[in-house]
Amino acid sequence: MYRFKPELFNLDYTLDCGQVFRWDREGDWWTGVVGDHVVRLSQEKDSGELLIDSELPPEFFVYYFRLDDDLPSIYESINRDLLIDRAINRYRGLRLIRQDPWECLISYMLATASSIPTIQKRIHLLSKFFGEELEAGYRSFPSPEALANADLSMLDKCKLGFRTERIKSAAQEVLSGELDFRALNRLEYRYARERLMRVRGIGEKVADCVLLFAFGKMEAFPVDTHIRQIIQHYHIDDNFFDDCSSLSRMGDWGREYFGHYCGYAQQYLFYQKRVEGFVSLY
DNA sequence: AGCCAGGCGGTCA
DNA sequence: TGACCGCATGGC
């Protein structure tokens with residue numbers, strides 16, 4: 001157990017905003033599985049200091065929580081209107097997380113057309129049946145090999161529904177090296193996106209989530225049902241509105257409207273919509 | 001009961 | 001292109 005003082009960081013917002021699915025809160029403490037480590041974290045309300053119960057060093061958490069991002073500059077660059085301004089101020093300190101590509105890929109593939117509690121349940125079941133025990137009650141996320149070799153009847157027990165075959169197939173592509181994360185990481189955003197979308201079960205939205213949360217491509221702008229509803233409800237910029245009548249245009253719109261760090265803007269808007277619905281700007 | 005959830009792939013005009 | 005549909009599952 002040790003202490004660490006991050007700058008401009010809010011642990012609750014960061015872990016609760018819906019970007020990761022393997023953290024649980026009990027009282028003041030969050031417990032999560034990161035790789036093959038069980039990590040416990042708490043943040044003191046007045047000082048903002050982190051209490052870290054983990055064998056992982058502080059440098060890891062700088063990396064994981066993207067504490068090296070210059071958040072004030074990012075806020076300045078994406079602050080285009082009253083709606084995003086409100087989200088930035090209300091959820092100040094929310095940071096994007098650097099997730100493991102494999103876990104992120106499978107998590108968002110099984111997330112399609114599902115509520116967040118359902119997603120968490122599926123990942124829990126996957127880990128229960130195909131992961132390895134780290135300590136009592138905590139299991140690692142399954143390896144590519146474990147899912148690639150899983151038989152469909154077992155995978156079906158994880159309640160993946162119509163996503164079952166797609167996920168097994170994707171696992172086989174990763175295991176064989178046909179889908180290579182290191183190669184993907186070197187690609188520019190748009191080419192990495194095209195590559196990911198050739199995988200069955202990965203469309204624009206899932207590709208953008210993986211590129212944003214696992215590959216740090218800040219110009220990814222995932223358009224899910226909440227983001228679509230926000231754009232339609234507020235008519236955020238009437239001059240641009242004709243350009244974003246369809247889903248795939250909304251992604252291009254977000255990139256142009258918010259700029260290079262549109263991925264951050266997306267996550268703030270998404271979280272604000274989830275917890276507060278359509279907020280009043282007056 | 002019926003609609004929606006961090007969608008995707010296919011079809012048809 | 002754009003609109004619609006089926007696909008499992010669970011929460012409200």
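So that the names make sense, note that chain A is the first sequence line, chain B the second, and so on, each numbered from 1.
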Working note: A:Ser114 + A:Arg163, criterion side-chain hydrogen bond (donor to acceptor under 3.5 Å, both in side chains); need CA distance, chi angles, decisive distance, verdict.
CA-CA 11 Å; A:Ser114 310; A:Arg163 309 160 191 82; 3.2 Å; yes
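Rounded to whole Å, the C1' atom of B:dA5 lies 23 Å from the corresponding atom of C:dG2.
For A:Lys5, the NZ atom is densely surrounded, since the number of other residues' heavy atoms within 6.0 Å is greater than 12. Atom CD of A:Glu44 has more than 12 heavy atoms from other residues, nucleotides or ligands within 6.0 Å. Annotation for A:Glu133: atom CD counts as buried by contact number, over 12 foreign heavy atoms lying within 6.0 Å. Within a 6.0 Å sphere centred on CD of A:Gln229, other residues, nucleotides and ligands contribute more than 12 heavy atoms.
Between A:Arg228 atom CZ and B:dC8 atom P the separation is 12 Å, expressed in whole Å. The distance between atom CG of A:Leu152 and atom P of C:dC7, rounded to the nearest whole Å, is 18 Å. Between A:Gln232 atom CD and B:dC4 atom C1' the separation is 15 Å, expressed in whole Å. The CG atom of A:Leu110 sits 14 Å away from the C1' atom of B:dC8 (whole-angstrom rounding). Spacing between atom CD1 of A:Ile167 and atom C1' of B:dC8 amounts to 12 Å, rounded to whole angstrom units.
The two residues A:Lys168 and A:Asp151 have their closest heavy-atom pair at NZ-CA, 4.4 Å.
Under a 4.0 Å N-O distance rule, the pair A:Arg66/A:Asp69 qualifies as a salt bridge.
Using bins of under 30°, 30° to 60° and over 60° for the plane-to-plane angle, the ring pair A:Phe258/A:Trp253 lands in the perpendicular bin.
Figure legend: A:Lys273 and A:Phe278 shown as a cation-pi pair, the cationic atom lying under 6.0 angstrom from the six-membered ring centre and within 45 degrees of its axis. Note that A:Arg98 lies outside the cation-pi zone of A:Phe213, set by a 6.0 Å cut-off to the ring centre and a 45° limit from the axis.
Contacts of residues 208-223 of chain A with DNA chain B (heavy atom under 4.0 Å): A:Phe213, A:Pro222.
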Table of protein N/O atoms under 3.5 Å from nucleotides 8-11 of chain C N/O atoms:
residue : atom : partner  : partner atom : Å
C:dA8   : O4'  : A:Phe162 : N            : 3.4
C:dG10  : OP1  : A:Lys121 : NZ           : 3.2

Mind listing the N/O atom pairs, protein and nucleotides 9-13 of chain B, below 3.5 Å?
residue : atom : partner  : partner atom : Å
B:dG9   : OP1  : A:Gly201 : N            : 2.8
B:dG9   : O3'  : A:Arg200 : NH1          : 3.1
B:dG9   : O3'  : A:Arg200 : NH2          : 3.2
B:dG10  : OP1  : A:Arg200 : NH1          : 2.8
B:dG10  : OP1  : A:Arg200 : NH2          : 3.4

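Counting only N and O atoms by type, the side chains of A:Asp70 and A:Tyr75 include no donor and acceptor under 3.5 Å apart.
Within 4.0 Å of A:Glu204, counting heavy atoms only, lie sugar-phosphate atoms of the nucleic acid but no base atom.
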